[in-house]
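In what follows, a single structure is set out as structure tokens and then discussed.
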Amino acid sequence: YVEEVLDAARDKRGRSLSKVTLTEAKRMLSRFAEAMGELRDIASFDRRTISQFLEGFPPRASNQYRTRLRHLFRHAVARGLLEANPVDGTIERAEVIQRQRLTKELFDSIRERAEPWFQRVLDLALYSLQRREDLTLLQTSDWVDGRLLVAQKKVERHLAGRLRISPGTKLL
């Protein structure tokens, strides 16, 4: 499945899956195989086994595994290895998102207790309004002609998110 299907998989627009998506999918399938026993016959899986496996994860991770396993077993059904997909009928779990806005006062109290290098990162995050991933990928070579050049990873495939940010005196 990994070599024939997953590595050749495409998204809804016909593009190959990103390296990060493939790596995560392979990690999930490897963990599933390890938990179930790698030499187990695929026809031996039933809904109860899948459901018990999924219950071992928090809701978000459970839903992600459920989606990945649904694809795996759908392929097995198409190949005639199973009559029905054992993932169908399992319940998608409700994910509770507990994000809260960070007030300026709370931000300042966190910054106040942080080490100097992290204070600088917090200042850069607040000033540039960039995602964590984009901040972690910044390098000193990204400073060109007094401006910070940012290529946002989340939207780079759309050829968007290329920014030139002029820093204030606090960031210099």
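Judged as a side-chain hydrogen bond (donor to acceptor under 3.5 Å, both in side chains), and not counting sequence neighbours, R31 has no contacts. Every residue meeting the side-chain hydrogen bond (donor to acceptor under 3.5 Å, both in side chains) condition with R79, not counting sequence neighbours, appears here in chain and number order: E4. Among residues two or more places apart in sequence or in another chain, the side-chain hydrogen bond (donor to acceptor under 3.5 Å, both in side chains) test is passed with K19 by none. Scanning for side chain to side chain contact (heavy atoms under 4.5 Å, CB included) contacts around I91 gives an empty result, with sequence neighbours left out. For T49, the side-chain hydrogen bond (donor to acceptor under 3.5 Å, both in side chains) partners two or more places apart in sequence, or in a different chain, are D46. Judged as a side chain to side chain contact (heavy atoms under 4.5 Å, CB included), and not counting sequence neighbours, the contacts of A125 are L135.
Closest non-hydrogen pair, L81 versus A43, comes out as O-CB, 3.7 Å. Here the shortest heavy-atom pairing between P59 and A94 reads CB-O, 3.4 Å. The minimum heavy-atom distance between A25 and R68, with the atom names listed, is CB-NE, 3.4 Å. Taking each heavy atom of L22 and L6 in turn, the nearest pair found is CD2-O, 3.4 Å. Closest non-hydrogen pair, K26 versus V2, comes out as CE-CG1, 3.6 Å.
Sorted by first and then second residue, the salt bridge (Lys or Arg N to Asp or Glu O under 4.0 Å) pairs involving residues 132-141 (not counting sequence neighbours) are R131-D134. The salt bridge (Lys or Arg N to Asp or Glu O under 4.0 Å) analysis of residues 47-60, with sequence neighbours excluded, yields the pairs R60-E95. The ring-ring contact (aromatic ring centres under 6.0 Å, His included) contacts involving residues 86-105 comprise nothing, where partners must be two or more places apart or lie in separate chains. Within the structure, ring-ring contact (aromatic ring centres under 6.0 Å, His included) contacts touching residues 83-103 (residues at least two apart or in different chains) do not occur. Within the structure, ring-ring contact (aromatic ring centres under 6.0 Å, His included) contacts touching residues 59-101 (residues at least two apart or in different chains) are Y1-H75, F45-F73, F53-Y65, F57-Y65.
Considering CD of Q64 and CG of L69, their distance stands at 11.5 Å, rounded to 0.5 Å. Considering CZ of R111 and CG of D123, their distance stands at 4.0 Å, rounded to 0.5 Å. The CZ atom of R74 sits 8.5 Å away from atom CG of D88, with the distance rounded to the nearest 0.5 Å. In this structure, Q130 CD and L124 CG are separated by 8.0 Å, a value rounded to the nearest 0.5 Å.
The backbone N or O of R93 lies less than 3.5 Å from a partner atom in the side chain of N63, making a donor-acceptor pair. R120 places no side-chain N or O within donor-acceptor distance of the main-chain N or O of P116, the cut-off being under 3.5 Å.
W117 shares a hydrophobic cluster with L102, L106, F107, I110, F118, V121, L122, L126; the chain of contacts runs through ILVMFWY side chains whose heavy atoms sit under 4.5 Å apart.
In this structure, I42 and M36 have side chains that are not in contact, with every pair of non-hydrogen atoms separated by 4.5 Å or more.
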